[in-house]
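Some notes on the structure that comes next.
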Amino acid sequence: MTRVLPVTGPGHPAIREAASILAAGGLVAFPTETVYGLGADGLNPGAVARIYAAKGRPATNPVILHVDSPASARALTSRWPAEATALVERFWPGPLTLVLPASEQVPAIVRAGGPTVALRCPAHGIAQALIQAAGRPLAAPSANRSQHLSPTLAEHVASSLGAAVDLILDGGPTEAGLESTILDLSGAQPRLLRPGPIAPTELAALLGEVELWEGAVKQGEIQAAPGMAERHYAPRASLELVAPGSGQVAGPGPIAYVAFGHLPPLPESIHGILLPLDAEAVGTRLFALLHELDDAGFDRVVMERPPEGEAWMAIRDRLRRASAKDSE
Ligand code: AMP
Ligand code: MG
């Protein structure tokens, strides 16, 4: 059985215990304001290797280091541009990850052998307290098996990773529900690598211009680039995206139909779910809803394509990847 300890706040004694597990090279899952992270001592390559093993994560996919302050982040880089200072003053602590040239201190396994390191300073009180108690940066990818749904509750972590994690700190549901925005500052131009709670226009307001991986943003629309649409965030049920208002679903097996803003008339046998036209509220709920539909035994989830517009960008990204086929 995985150990789960409820943690009510940053002063809770479980945080000390978690820090000693981390010091010994163990794995501790903890809440952040985005999703639950699977934490290990980010400067201990053996501990980080346990993250990869627990998640079944390919060695080519680097992990984010979580720090308690801009100064700790800076110490892990070999170059800290003026943009980084401006961004962290505005958005840290918070759901923004910066990719920067790594210092020699950062183990190769954290970087997946590359020259850069991804850094984030989470805003969640329990995450902050744990990083400080550990006295180290914590490597902490989402606490789920690779490619699967991200966890927004301690129960999601336990059911995805089970005994592979030494301790789960249960701080209740996470707030943002979607992973951090990732911005690459290691090249000539700031480049968005993953849309998240902080929108590209908020970044562009500070930076002037932000590239969206390959290609540009057009009216806030994502141009999917090869390699960015691989299957990820996937529920057990098959997820299909359909045109809004279609309601045209048929087939065997329990099917759920998810709509935004308005639920069209549906056949008797289809379970309808209405989500609000509120991107922030949907972001908070999305992964939890997909977990619930899996647990309830739905084989198919038919979901209307979410609205256009920048506020929905991170949700469109997660749903496109959650609905991608295995072969991609
Ligand atoms: P997760 O596993 O859910 O925490 O996601 C972490 C994300 O950060 C993955 O998409 C990684 O590819 C990305 N990432 C981590 N380190 C780097 C890096 N050095 N350069 C670019 N992306 C990174
Ligand atoms: Mg993940």
Side-chain angles (χ1 to χ4, degrees), residues 27 29-40 42 48 50-67 73 76-79 84 95-122 124 127 137-152 156-157 160-161 165 174 176-187 189-198 211-214 225 227-235 283 286-287 290-291 314 317-322 324:
L27 300 184
F30 60 94
T32 79
E33 73 275 27
T34 58
V35 301
Y36 273 75
L38 179 60
V48 178
R50 287 194 57 201
I51 292 182
Y52 281 85
K55 284 179 62 81
R57 185 180 181 96
T60 50
N61 193 1
V63 292
I64 297 173
L65 291 185
H66 292 68
V67 295
L76 297 164
T77 65
S78 61
R79 188 167 61 79
L96 176 66
T97 298
L98 297 180
V99 173
L100 287 158
S103 78
E104 280 170 14
Q105 217 195 337
V106 179
I109 188 169
V110 167
R111 300 178 270 110
T116 60
V117 62
L119 298 162
R120 176 163 110 80
C121 181
H124 198 290
L138 298 183
S142 54
N144 53 274
R145 295 278 305 166
S146 197
Q147 296 196 345
H148 290 203
L149 282 174
S150 295
T152 60
H156 298 156
V157 180
S160 189
L161 295 174
V165 42
T174 60
L178 294 177
E179 299 81 356
S180 61
T181 302
I182 304 182
L183 184 72
D184 184 357
L185 289 181
S186 68
Q189 266 289 333
R191 203 157 57 102
L192 189 76
L193 299 182
R194 177 172 72 189
I198 295 173
E211 282 178 25
L212 289 198
W213 41 94
E214 325 236 296
M228 297 299 287
E230 76 277 18
R231 184 169 171 82
H232 209 114
Y233 316 112
L286 183 67
F287 286 131
L290 293 173
H291 277 290
D317 168 71
R318 304 305 187 274
L319 288 175
R320 192 183 61 240
R321 296 172 65 169

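Ligands are counted one by one from 1 in listed order, and the atoms in each one are counted from 1 as well.
Short contacts between ligand 1 and S142, defined as distances under 4.0 Å to a heavy atom of the residue, involve ligand atoms 1 (P), 2 (O), 3 (O), 4 (O). Ligand-side atoms of ligand 1 in range of R57: 2 (O), 6 (C), 9 (C), range being under 4.0 angstrom from any heavy atom. Residue A118 approaches ligand 1 through these ligand atoms, each under 4.0 Å from one of its heavy atoms: 15 (C), 16 (N), 17 (C), 19 (N). Counting the atoms of ligand 1 from 1 in the order shown, those under 4.0 Å from a heavy atom of I64 are 6 (C), 8 (O).
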### Task
Check the pair R318 / F287 against side-chain contact (heavy atoms from CB on, under 4.5 Å), numbers first and verdict last.
CA-CA 9 Å; R318 304 305 187 274; F287 286 131; 4.2 Å; yes
### Message
Apply side-chain hydrogen bond (donor to acceptor under 3.5 Å, both in side chains) to residues S186 and R79 and explain how you reach the verdict.
### Response
CA-CA 9 Å; S186 68; R79 188 167 61 79; over 6 Å; no
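Protein heavy atom closest to atom 5 (O) of ligand 1, with residue, atom name and distance, is R194 NH1, 3.1 Å. Of the protein's non-hydrogen atoms, I182 CD1, 3.8 Å is the one closest to atom 13 (C) of ligand 1. Protein heavy atom nearest atom 19 (N) of ligand 1, with residue, atom name and distance: T116 OG1, 3.0 Å. Closest protein heavy atom to atom 4 (O) of ligand 1: P141 CA, 3.2 Å.
Contacts with ligand 1 closer than 4.0 Å are made by side-chain heavy atoms of L193 only, the backbone lying farther away. Residue contacts with ligand 1, taken as heavy atom pairs separated by less than 4.0 Å, do not involve T97 at all. Looking at V99 against ligand 1, only its side chain comes within 4.0 Å, counting heavy atoms.
Checking only distances, E179 never comes within under 3.5 Å of ligand 1, N or O to N or O. For ligand 1, the polar-atom distance check finds an N/O of N61 within less than 3.5 Å of one of the ligand's N/O atoms.
The closest side-chain heavy-atom distance from I64 to S180 is below 4.5 Å. Proximity of L138 to F30: side-chain heavy atoms (C-beta onward) are separated by under 4.5 Å at one or more points. Side chains of I51 and L27 form a contact here, defined as non-hydrogen atoms less than 4.5 Å apart. L76 places a side-chain heavy atom less than 4.5 Å from the side chain of P137. Between P197 and T181 the shortest side-chain heavy-atom distance falls below 4.5 Å.
Under the 4.0 angstrom criterion for non-hydrogen atoms, R111 is not in contact with ligand 1.
Because the distance cut-off is set at 2.8 Å, S142 qualifies as a neighbour of the Mg ion (ligand 2) through one of its N, O or S atoms.
Salt bridge R120/E33: present, at least one basic N to carboxylate O contact under 4.0 Å.
Ring geometry for H291 against H156 counts as parallel: the plane angle stays under 30°, on a 0 to 90° scale with 60° as the upper cut.
When P115, P62, A139, S146 are ranked by how near their heavy atoms come to atom 23 (C) of ligand 1, first place goes to P62.
Counting only distance, with no hydrogens or angles, the side chain of Y52 and the backbone of N61 share a donor-acceptor pair below 3.5 Å.
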